[in-house]
Amino acid sequence: RVSVLRPQPSRRAACCAVRPDSPFYIERLADEQLAHQVLGNGTTTTIQAGRQTGKTSLLMQGLHRVRMQGNPCVYL
């Protein structure tokens with residue numbers, strides 16, 4: 001008898017950021033700080049932190065939040 005191994009669905013992105021709608025994303029103080037930052041008109045936001053600390057996930061959460069409010073934003 002041969003058993004076939006099937007790949008299990010991933011619970012997170014294959015690489016990089018955790019999806020904005022992921023139940024596995026844990027909000028941090030940085031999320032609150034970013035939310036206050038993007039409320040201003042014409043703001044430029046820079047996210048700096050060490051490797052593997054969730055910078056891309058934080059950025060994706062912030063962009064998602066801004067877009068859900070109907071505000072324009074540019075990701076460079």
Side-chain angles (χ1 to χ4, degrees):
R1 181 175 173 164
V2 176
S3 60
V4 177
L5 296 176
R6 296 185 182 156
Q8 297 295 318
S10 176
R11 291 193 171 119
R12 52 181 284 208
C15 72
C16 308
V18 176
R19 295 174 49 96
D21 58 351
S22 173
F24 299 102
Y25 185 78
I26 299 171
E27 288 200 14
R28 307 167 279 171
L29 175 61
D31 291 278
E32 185 178 327
Q33 292 171 337
L34 181 60
H36 283 69
Q37 171 71 27
V38 298
L39 289 176
N41 286 334
T43 63
T44 299
T45 302
T46 303
I47 299 173
Q48 295 179 321
R51 293 186 68 230
Q52 300 294 310
T53 56
K55 296 179 296 290
T56 304
S57 296
L58 174 65
L59 179 61
M60 294 300 114
Q61 292 289 329
L63 289 172
H64 179 71
R65 188 175 288 180
V66 168
R67 290 177 177 150
M68 292 302 291
Q69 293 176 352
N71 296 325
C73 63
V74 177
Y75 171 49
L76 300 174

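Hydrogens, waters and symmetry mates play no part in the numbers below; they use all other heavy atoms, side chains included.
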Note to self: Quick check: closest heavy atoms across H64 and P20, and the distance to 0.1 Å?
What the structure shows: CG-CB, 3.6 Å
Checklist line | Minimum heavy-atom distance Q37-T44, with the two atoms named | finding: NE2-O, 3.5 Å
Next item on the list: Grab the two heavy atoms, one from V66 and one from P72, that are nearest each other, plus how far apart they are.
Entry: CG1-O, 4.2 Å
Notebook entry, point to check: E27 and R65: which non-hydrogen atoms are nearest, and at how many Å?
Noted result: OE2-NH2, 3.5 Å
Item checked: Heavy-atom side-chain contact between D31 and Q61 under 4.5 Å -> yes
Notebook entry, point to check: How many angstroms lie between CD1 in I47 and CD in Q33, if you round to the nearest 0.5 Å?
Noted result: 10.5 Å
Check: Can V18 be reached from Y75 by stepping across I, L, V, M, F, W or Y side chains whose heavy atoms are under 4.5 Å apart?
Finding: yes
Notebook entry, point to check: Taking the side chain as C-beta and beyond, is there a heavy-atom pair between R28 and L58 under 4.5 Å?
Noted result: yes
Notebook entry, point to check: Closest approach of A17 and M60, non-hydrogen atoms and distance?
Noted result: CB-CG, 3.7 Å
Notebook entry, point to check: Is there a donor-acceptor contact under 3.5 Å from the side chain of S57 to the main chain of G54?
Noted result: no
Check: Can you name the nearest heavy-atom pair linking G62 to L34, along with the distance?
Finding: CA-CD2, 3.6 Å
